[in-house]
Amino acid sequence: MSRLGKKPVQLPEKVKAEFKNGVLEITGPGGKLLQPIDKRIGIKIDKNSLLVEALGNSREHNMMHGLHRGLIVNMIEGVTKGYKKELKSVGLGYKASIEGGKKLVLAVGFSHLVNLDIPSTVKVTAVLDSDKNTIITITGIDKNEVGAFAAKVKGVKPPEPYKGFGIRYTNAVQSADGKNVVYVDEHIIRKAGKAAAAAGKK
């Protein structure tokens with residue numbers, strides 16, 4: 001039995017859980033999420049907690065036990081706090097905008113604009129930062145949906161290694177003085193261009 005899976009999951013005050021016909025429903029301030037539960041797993045719901053049980057002793061039961069508990073923890077966090085991914089579009093003329101609330105339109109150095117349909121499960125905003133780069137913020141209650149759409153957006157134009165142009169993950173944090181918001185970008189492994197590399201050999 002999974003050591004992690006055995007631990008009861010606490011249900012916050014405004015979160016309700018219901019298990020019916022093999023589907024777990026978690027409802028909270030942010031909305032409602034549904035998760036099909038494998039037949040090798042049982043769910044017991046108390047007033048303030050939820051217990052995940054493995055209905056067998058095989059290795060597969062053990063794996064499913066820990067997996068399902070983790071998924072449930074993510075669901076509870078989603079309906080209470082939500083999830084957020086931020087990306088930065090960096091490059092000359094690179095822009096992003098929202099069209100009709102349903103499409104994310106990207107200008108990222110191609111001869112054409114890239115249009116991405118925004119899933120109904122997430123919300124997307126696009127604003128300029130102080131350096132005139134576009135910050136794309138994706139929020140939602142489903143961790144998988146938020147992460148999948150963020151990966152799709154980045155996949156349109158991943159950062160190239162020479163000038164770093166492209167779409168990268170970033171994270172808004174408070175500055176040291178607590179008065180401003182600064183963005184900490186993901187680390188991009190950079191390469192020297194041919195001219196710089198040739199100069200270095202001399």
Side-chain angles (χ1 to χ4, degrees), residues 1-88 98 100-104 116-127 135-155 167-174 178 181 183-184 186:
M1 186 179 293
S2 169
R3 286 182 294 176
L4 181 62
K6 288 191 295 183
K7 295 182 179 179
V9 179
Q10 297 301 312
L11 296 174
E13 185 179 349
K14 296 182 180 181
V15 174
K16 295 182 180 179
E18 183 180 359
F19 182 51
K20 189 176 180 180
N21 298 325
V23 177
L24 178 65
E25 179 182 300
I26 300 289
T27 307
K32 178 172 67 175
L33 289 172
L34 302 176
Q35 175 63 49
I37 302 298
D38 190 276
K39 61 184 180 180
R40 291 167 286 192
I41 297 299
I43 302 291
K44 284 186 176 181
I45 301 172
D46 198 357
K47 290 183 179 180
N48 301 315
S49 65
L50 181 152
L51 183 64
V52 183
E53 294 183 314
L55 304 179
N57 298 314
S58 70
R59 184 170 180 269
E60 288 74 19
H61 283 86
N62 188 41
M63 292 168 59
M64 287 292 176
H65 195 195
L67 170 65
H68 279 72
R69 187 187 184 280
L71 292 174
I72 293 167
V73 169
N74 289 343
M75 292 170 70
I76 293 172
E77 185 168 347
V79 299
T80 52
K81 299 178 182 178
Y83 289 97
K84 178 170 71 172
K85 287 283 188 181
E86 293 174 303
L87 304 106
K88 181 187 289 186
I98 311 298
K102 295 183 178 180
K103 285 186 180 294
L104 175 63
L116 297 179
D117 292 325
I118 299 174
S120 60
T121 52
V122 303
K123 294 181 180 179
V124 182
T125 62
V127 297
I135 303 297
I136 303 165
T137 304
I138 303 166
T139 57
I141 63 173
D142 190 315
K143 185 177 184 179
N144 290 335
E145 293 285 344
V146 171
F149 190 65
K152 185 176 183 180
V153 173
K154 182 182 177 182
I167 301 174
R168 64 183 69 180
Y169 288 115
T170 189
N171 187 33
V173 297
Q174 288 289 333
V181 173
Y183 289 92
V184 179
E186 69 170 299

Of all residues at least two apart in sequence or in a different chain, which pass the salt bridge (Lys or Arg N to Asp or Glu O under 4.0 Å) check with Glu60?
none
Taking all atoms of both residues into account, what is the closest heavy-atom pair of Thr80 and Val15, and its distance?
CG2-CG2, 3.3 Å
What distance do Lys123 atom NZ and Thr137 atom OG1 have between them, rounded to the nearest 0.5 Å?
13.0 Å
Closest heavy-atom pair, Pro8 versus Arg69, reported as atoms and distance to 0.1 Å, is O-NH2, 3.5 Å
Between Lys102 and Ile118, is any pair of side-chain heavy atoms under 4.5 Å apart?
no
What one should report as the nearest heavy-atom pair of Gln10 and Pro12 is O-CD, 3.5 Å
Just one of Thr125, Thr170, Leu104 clears the side-chain contact (heavy atoms from CB on, under 4.5 Å) bar with Ile136, so which one?
Leu104
Side chains of Glu86 and Asn171 in contact at under 4.5 Å (non-hydrogen atoms):
yes
Between Phe149 and Val124, what is the shortest heavy-atom contact and its length?
CE2-CG2, 3.7 Å
Picking from Val52, Val73, Ile43, what satisfies side-chain contact (heavy atoms from CB on, under 4.5 Å) with His68?
Val52
Listed by chain and number, what are the salt bridge (Lys or Arg N to Asp or Glu O under 4.0 Å) partners of Lys81, not counting sequence neighbours?
none
Over all atoms of both residues, closest heavy-atom pair of Ala17 and Leu11:
CB-CD1, 4.1 Å
What closest approach, in Å, do Thr121 and Glu145 show between heavy atoms, and which atom pair accounts for it?
OG1-OE1, 3.3 Å
Less than 4.5 Å apart, side chain to side chain, heavy atoms only: is that true for His65 and Ile41?
yes
If only atom types and distance count, is the side chain of Tyr83 paired as donor or acceptor with the main-chain N or O of Asn74 below 3.5 Å?
yes
Could you check whether atom NZ of Lys103 has more than 12 heavy atoms from other residues, nucleotides or ligands sitting under 6.0 Å from it?
yes
Can I get a per-line list of side-chain donor-acceptor pairs under 3.5 Å for residues 19-38, giving both atom names and the distance, sequence neighbours left out?
from: Asp38; atom 1: OD1; to: Arg40; atom 2: N; distance (Å): 2.8
from: Asp38; atom 1: OD1; to: Arg40; atom 2: NE; distance (Å): 2.9
from: Asp38; atom 1: OD2; to: Arg40; atom 2: NH2; distance (Å): 3.2

Mind checking whether Leu51 and Asp46 have side chains closer than 4.5 Å, heavy atoms only?
no
Are any non-hydrogen side-chain atoms of Leu50 and Ile76 less than 4.5 angstrom apart?
no
